Amino acid sequence: MIAFVSGTVAALAPDAAVVEVGGVGMSVQCTPDTLSTLRLGQPAKLHTSLVVREDSLTLYGFADDDARQVFVLLQTASGVGPRLAQAMLAVHSPDALRRAVATGDEKALTAVPGIGKKGAQKLLLELKDRLGAPVGTAPAIGAPVTQGWRDQLHAALIGLGYVTREAEEAVTAVAPQAEAAGGTPQVGPLLKAALQTLNRAR
């Protein structure tokens, strides 16, 4: 098992990063939040989980080991594969997922693309004794960011290789969505929306 990869960020895409390790480029599938912490040409360390299939070997990367462990635990529930587990972590932080499961928050799970009401109910039952109690003090579902969402989103887009003008236009395009969310917007969903607007513009 590859527990982590450490090296220079050689490339960034909307859903993955390539980290150069000893002259080899390792492609790692990451959530938008994790990708937003990476910068082209800069050193990075990603905690990873290797998923082996008959026709593929896929590395999933996370900013910390807690997220990696939750990713593995989520897949112990029936019907949860690596892509759905990653989608859950793209929408919610590890502690937010623990809190949702501990409190039976069905609505939090249905906020994840691919999880309906019945699926959420089933997951709440299956994961109740597996994820454990929240370990941090993060206040809300989805881990709101501490710095301004505009600055963090802009930096994430620049890190993905977009020029300043494109990043500024994308931030402006998703501003109504951020304002509609109220409180402190979450950068992960906003980054996804910004990438969609940029892909349509190209």
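All of these numbers come straight from a predicted model, not from anything done at the bench.
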All N/O donor-acceptor pairs, side-chain side in residues 107-116, below 3.5 Å, sequence neighbours left out:
{"from": "Thr110", "atom 1": "OG1", "to": "Glu106", "atom 2": "O", "distance (Å)": "3.4"}
{"from": "Thr110", "atom 1": "OG1", "to": "Lys107", "atom 2": "O", "distance (Å)": "3.0"}

Same apolar cluster (I L V M F W Y, side chains within < 4.5 Å links), Val21/Leu46: yes
Side-chain donor/acceptor of Thr197 to backbone N/O of Ala173, under 3.5 Å: no
Contacts of type ring-ring contact (aromatic ring centres under 6.0 Å, His included), residue Phe62, not counting sequence neighbours: Phe71
Joint cluster assignment, Val51 & Val18, ILVMFWY side-chain distance < 4.5 Å: no
Under the side chain to side chain contact (heavy atoms under 4.5 Å, CB included) test, residues paired with Thr76 that sit two or more places apart: Arg130
Path from Val91 to Leu73 over hydrophobic side-chain contacts below 4.5 Å: yes
Where Leu40 and Ala11 come nearest, the two heavy atoms and their spacing: CD2-CA, 3.6 Å
Set of residues satisfying side chain to side chain contact (heavy atoms under 4.5 Å, CB included) with respect to Leu50, sequence neighbours excluded: Val52, Leu57, Leu59
Test item: Ile2 and Met26 side chains (from C-beta on) under 4.5 Å apart, heavy atoms: yes
Pro32 and its side-chain contact (heavy atoms from CB on, under 4.5 Å) partner, picked from Leu190, Leu191, Asp15: Leu191
Considering all heavy atoms, the nearest Ala13-Leu35 contact: O-CD1, 3.4 Å
Non-neighbouring partners of Lys128 that pass side chain to side chain contact (heavy atoms under 4.5 Å, CB included), sequence neighbours left out: Val101
Worked verdict on Arg99 versus Leu131 for side chain to side chain contact (heavy atoms under 4.5 Å, CB included): CA-CA 9 Å; Arg99 192 172 295 108; Leu131 290 187; over 6 Å; no
Contact summary for Ala77 and Leu123, nearest pair of heavy atoms: CB-CD2, 3.7 Å
Which residues share a salt bridge (Lys or Arg N to Asp or Glu O under 4.0 Å) with Asp65, sequence neighbours left out: Arg68
Passing option when Leu38 is tested against Val28, Val19, Leu12 for side-chain contact (heavy atoms from CB on, under 4.5 Å): Leu12
Check: Arg83 side chain, Val80 main-chain N or O, donor-acceptor pair, under 3.5 Å: no
Contact summary for Leu124 and Ala100, nearest pair of heavy atoms: CD2-O, 3.7 Å
Partner set under side-chain hydrogen bond (donor to acceptor under 3.5 Å, both in side chains) for Asp64, not counting sequence neighbours: none
Closest approach of Ser36 to Arg39 (non-hydrogen atoms, all atoms of both residues): O-NH1, 2.8 Å
By salt bridge (Lys or Arg N to Asp or Glu O under 4.0 Å) - contacts of Arg165 (at least two apart): Glu169
Partner set under side chain to side chain contact (heavy atoms under 4.5 Å, CB included) for Thr37, not counting sequence neighbours: none
Partner set under side-chain hydrogen bond (donor to acceptor under 3.5 Å, both in side chains) for Ser78, not counting sequence neighbours: Lys122, Glu126
Same cluster (ILVMFWY, side-chain, under 4.5 Å), Phe4 and Val72: no
Note, Leu84 side chain near Leu74 side chain (heavy atom, < 4.5 Å): no
CA sep, side-chain torsions, deciding dist, call: Met88, Leu97, side chain to side chain contact (heavy atoms under 4.5 Å, CB included): CA-CA 8 Å; Met88 293 170 76; Leu97 283 171; 4.2 Å; yes
Nearest atoms (heavy-atom pairs only) where His47 meets Ala63: CD2-O, 3.7 Å
Pairs meeting criterion side-chain hydrogen bond (donor to acceptor under 3.5 Å, both in side chains) with involvement of residues 23-32, two or more places apart: Thr31-Thr34
Same apolar cluster (I L V M F W Y, side chains within < 4.5 Å links), Leu125/Val70: no
